[in-house]
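I have placed the structure first, in the form of structure tokens, so that the comments after it can refer back to it.
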Amino acid sequence: MPKFDFDLITLGAGSGGVRASRLAGSLGARVAVVEKARVGGTCVMRGCIPKKLLVYGAHFAEDFEDARGYGWTLGPTTFDWSSLISAKNHELERLEGIYRRILRDSKVELVEGKGVLADAHTIEVDGRALTAERILVATGSKPTLPKIPGIEYAITSNEALDLMQMPRRVVIVGGGYIAVEFAGIFAALGVEVTIVIRAANLLRGFDEDICQSLAKAMEAKGITICRETVVRSIEKAPGGYSLVLSGREVMETDLVMYATGRHPNTSGLGLEDAGVKLNDRKAVAVDEWSRSSVPGIFAIGDCTDRMNLTPVAIAEAHAFVETEFKAHPVRMSYENVPSAVFSQPPIGTVGLNEAEARARGDVDVYISRFKPLKHTLTGRDEGTMMKLVVDRASDRVLGCHMVGPDAPEIIQGLAVALKCGATKGQFDATVGIHPTAAEEFVTMRTKRPETDA
Ligand code: FAD
Ligand code: NDP
């Protein structure tokens, strides 16, 4: 008679939880996964996937205009927001079905309901106690909203993905990933968009040239960026909302969206009562093996607040299963993790930004700005910017950054090169594919003068 009901119980069927559960299940472990909402989690239901579908949907507006430069005459085009939302929802239902089937095929028991830790080996779900040798916390994160008067009128990305109708005007507070991605979606669809940021520029932590190029491109598309501005309060006004800003000026809008970061979903789970230590950001404190302070309890993904991206949660799941269920210790590497921002135009980036690289030693910087070939005929005034940051002593490429069409697709390939420790000499020795934008990454030869740094 086994000591526990399961070998593994996972709390949360999101990106990390589903992957860990199904990998462990397919190895023959007895696994249950507890999910209180929809199987698939943030990425599939409220994040990456629905967002990217809306980005595609919105981009057609420019595609129709651009087609004219290539000889197309278009009839009248119309856009119906509710059709896009319902097509998107239909796809999410299909994906949820696939995730459920994957769990079934891996012999993972799906327990629907909110799970709470009762002790180091017990999870309670609606009065049912389930025991396991190991517990994996993969409960993700949720939006953080500042406590200002009227904040209850603001929506977050959760609601933005399911709006019943498109607003005429929207104010988006925050300048991170979510803010710029949703600003791009709304603006492309003709909504008047204002971004309010407390900093001097968008996307803190990204390369400075990237931030500036994106801000310029967004402003050229008609998005207003209110810099170094804080919203003091939000009031209901006839037909919309009034925002009182830091300088006491008032801004009127139809919709207020907050994209001011996310915090680990760790409260009300019984973690601290079971002795699981949280860090100062209330994330589960884990070591390099995703072990919490309590033996047998592990945590991965956004609830650990290490690098809050889907592929990272998935890679942490793989490392956990390899280590715990295959006796093959694998540590997750956080070096050279590429990421993309699906703004319009999009960003792709991998490695160190220029400031981070300079803090480590002397660097050479290569920058290329050009108009994509496609836009020679469309007449669209939208540039591409590419940047390489190279360690002067070793010639190693430390960072690749790009703003422009297909940047996420291009940078994914370059991430392999950086992971292999490629040098600028090896980039230069690589033959380009012509005519592409990506070939620029292997043909940049002129260092940016130090005086421009
Ligand atoms: P989640 O996927 O959030 O899953 C956690 C699950 O746990 C949820 O299903 C939740 O319901 C469940 N849960 C929580 N508490 C309990 C409980 N007590 N009992 C049972 N179940 C519980 N990342 C990218 O890499 N690329 C992108 O383009 C991208 N776009 C994004 C866009 C948006 C709008 C957002 C919000 C995020 C985006 N992300 C993106 C981030 C990505 O979604 C997360 O990093 C990823 O989903 C984290 O996976 P996870 O397994 O840690 O948690
Ligand atoms: P981010 O951390 O990316 O950005 C938060 C923004 O909100 C920053 O501009 C920050 O400003 C601002 N902010 C924070 N607190 C306040 C406040 N009290 N008042 C005003 N502004 C404030 O968070 P997001 O919500 O955009 O996204 C959460 C995470 O989800 C991302 O960090 C990323 O890990 C993940 N994600 C990934 C995506 C992708 O891979 N494409 C897409 C979407 C999300 P400041 O810079 O001044 O601190």
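Quick caveat, the model's predicted, so the values are computed rather than measured. We count ligands from 1, going down the list as the structure has it; atoms in each ligand are counted the same way. Residue indices begin at 1 and follow the sequence shown. These values consider heavy atoms only, across backbone and side chains, with no hydrogens, waters or symmetry-generated copies.
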Side chain, backbone, both or neither: the part of [X] lying under 4.0 Å from ligand 1 by heavy atom:
| X | value |
| --- | --- |
| Phe342 | side chain |
| Asn265 | side chain |
| Val44 | neither |
| Val312 | neither |

Any N or O on [X] sitting closer than 3.5 Å to an N or O of ligand 1?
| X | value |
| --- | --- |
| Arg46 | no |
| Gly16 | yes |
| Arg262 | no |
| Lys36 | yes |
| Ser141 | no |

For a side-chain contact (heavy atoms from CB on, under 4.5 Å) with Leu117, tell me which candidate from Thr122, Ile135, Leu269, Ile9 qualifies. Ile135

Give the C-alpha distance, both sets of side-chain angles, the deciding distance and a yes or no for ring-ring contact (aromatic ring centres under 6.0 Å, His included) between Tyr366 and Phe441. CA-CA 9 Å; Tyr366 298 79; Phe441 270 120; over 10 Å; no

Asn308: numbered ligand 1 atoms lying under 4.0 Å from its heavy atoms: 41 (C), 45 (O)

Contacts table for residues 179-196: side-chain donor-acceptor under 3.5 angstrom, sequence neighbours left out:
{"from": "Glu181", "atom 1": "OE1", "to": "Lys51", "atom 2": "NZ", "distance (Å)": "2.7"}
{"from": "Glu181", "atom 1": "OE2", "to": "Lys51", "atom 2": "NZ", "distance (Å)": "3.3"}
{"from": "Glu181", "atom 1": "OE2", "to": "Phe342", "atom 2": "N", "distance (Å)": "2.8"}

Taking only residues two or more places apart in sequence or in another chain, which ones pass salt bridge (Lys or Arg N to Asp or Glu O under 4.0 Å) with Arg291? Asp287

Check contact between Lys52 and ligand 1, using heavy atoms of the residue and a distance below 4.0 angstrom. no

If we only consider heavy atoms of Gly113, is any one of them less than 4.0 Å away from an atom in ligand 1? yes

Can you tell which of Glu112, Lys51, Arg38 gets a heavy atom nearest to atom 28 (O) of ligand 1? Lys51

Kindly identify the option in Glu35, Lys142, Glu316 whose heavy atom sits closest to atom 11 (O) of ligand 1. Glu35

Between Lys88 and Asp162, is there a salt bridge with N-O shorter than 4.0 Å? yes

Could you identify the single nearest non-hydrogen protein atom to [atom] and state the distance to 0.1 Å?
| atom | value |
| --- | --- |
| atom 19 (N) of ligand 1 | Gly115 N, 2.9 Å |
| atom 29 (C) of ligand 1 | Cys48 SG, 3.2 Å |
| atom 42 (C) of ligand 1 | Thr310 OG1, 3.4 Å |

Could you name the protein residues that come within less than 4.0 Å of ligand 2, counting only heavy atoms, and order them by chain and residue number? Lys51, Pro146, Gly174, Gly175, Gly176, Tyr177, Ile178, Glu181, Arg198, Ala199, Arg204, Ala259, Thr260, Gly261, Arg262, Asn308, Leu309, Ala340, Phe342

Non-neighbouring partners of Tyr258 that pass side chain to side chain donor-acceptor pair (under 3.5 Å), sequence neighbours left out: none

Arg134 to Phe325, cation-pi by 6.0 Å centre distance and 45° axis angle: yes

